[in-house]
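None of these values were measured; they are calculated from a predicted model.
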Amino acid sequence: MEMIIAIAILAIIAVVSWRSLDGIIRGQHAVADSMAETRSLDRLFAQLSYDLAEAVPDAQLGAGAIQFDGAQLHIVRALREPGQPTRWQVVGYRTADGILWRSISAPVASREAARAALEAPPSERQALVEHAVGLEVRGWIDPSGNLGNSANAISAGWAVRDGGVRPPPVMAGASPILPLNRVTGVEVVVLTGAPPTAYRRVLAPTP
């Protein structure tokens with residue numbers, strides 16, 4: 001009888017210990033997953049901020065260099081490589097198959113090629129965030145292309161879709177100081193996990 005009682009007590013202790021250990025292991029895995037997700041999001045927003053900082057002026061491109069449709073974002077950016085002339089490259093951000101991707105076009109040297117690259121399939125893509133279930137994008141549209149122009153402040157505002165309106169072309173002999181991009185700010189919301197958790201960041205191109 002004493003042996004039976006001792007075995008029963010040991011069995012109870014073993015079950016309680018196993019559940020406690022399982023909870024600790026699950027907690028460690030959750031913390032590791034959360035840290036990995038945080039690092040990937042930090043990497044995403046750092047890359048996006050850099051791409052926006054290198055966005056070419058609309059007037060140089062002859063079209064909107066920052067374009068979005070609410071669920072994806074495209075940027076025509078300057079590509080600066082050692083020993084190479086400055087070229088342009090189209091980068092895009094969108095979610096597919098549970099991953100947030102950054103697409104990359106081949107480098108181009110003309111505005112016509114850059115505008116064509118906006119519509120063409122990307123040359124390659126990078127996986128930035130896993131378990132991404134959605135991407136929401138909206139931009140602050142400033143029709144004047146200049147945040148300091150109060151005359152156009154009334155018509156400026158947030159939009160979830162930008163039609164890539166082409167700015168007036170730069171005329172020969174015009175001032176070399178080009179206007180800023182029409183999209184002067186971008187709000188990005190990344191949705192991850194189930195139920196989804198939203199990570200929001202507002203970024204601006206460098207003037």
Please answer: with hydrophobic residues joined when any side-chain heavy atoms are less than 4.5 Å apart, are [X] and [Y] in the same cluster?
X: Val91; Y: Val188; value: yes
X: Val190; Y: Ile99; value: no
X: Leu100; Y: Ile104; value: no
X: Leu79; Y: Val90; value: no

Donor-acceptor pair, distance only, cut-off 3.5 Å: does the side chain of [X] make one with the backbone of [Y]?
X: Asp58; Y: Ala65; answer: yes
X: Thr95; Y: Ala132; answer: no
X: Trp101; Y: Ala96; answer: yes
X: Arg115; Y: Leu61; answer: yes
X: Glu187; Y: Val202; answer: no

If I take atom [atom1] from residue [X] and atom [atom2] from residue [Y], how far apart are they, to the nearest 0.5 angstrom?
X: Leu41; Y: Thr197; atom1: CG; atom2: OG1; answer: 10.0 Å
X: Arg94; Y: Leu73; atom1: CZ; atom2: CG; answer: 12.5 Å
X: Ile141; Y: Asn181; atom1: CD1; atom2: CG; answer: 10.0 Å
X: Phe45; Y: Arg43; atom1: CZ; atom2: CZ; answer: 12.5 Å

| message | Just to verify, what does Glu136 make a side-chain hydrogen bond (donor to acceptor under 3.5 Å, both in side chains) with, not counting sequence neighbours? | response | none
| field | Sequence neighbours excluded, every pair satisfying salt bridge (charged side-chain N to carboxylate O under 4.0 Å, His left out) that has a member inside residues 72-85 | value | Asp51-Arg77, Glu54-Arg80, Glu81-Arg87
Non-hydrogen atoms of [X] and [Y] that approach each other most closely:
X: Pro122; Y: Ser103; value: CB-CB, 3.5 Å
X: Ser40; Y: Glu37; value: OG-O, 2.7 Å
X: Ser123; Y: Ala106; value: OG-N, 3.1 Å
X: Val186; Y: Trp158; value: C-CZ3, 4.4 Å
X: Arg102; Y: Tyr93; value: NE-OH, 3.4 Å

| said: By the definition side-chain contact (heavy atoms from CB on, under 4.5 Å), identify the one residue from Val160, Val183, Leu135, Ile75 that meets it with Phe68. | reply: Val183
| task | Using the side chain to side chain contact (heavy atoms under 4.5 Å, CB included) rule, take Ile66 and Thr184 through it: C-alpha gap first, then chi angles, then the decisive distance, then the call. | result | CA-CA 9 Å; Ile66 303 171; Thr184 56; over 6 Å; no
| task | Starting from Val133, walk the hydrophobic network (Ile, Leu, Val, Met, Phe, Trp, Tyr; side-chain heavy atoms closer than 4.5 Å) and list everyone else you reach, by chain and number. | result |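 Other cluster members: Val189, Leu191.
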| message | Counting neighbours of CD on Gln126 that are heavy atoms of other residues, nucleotides or ligands and sit closer than 6.0 Å, is the number greater than 12? | response | yes
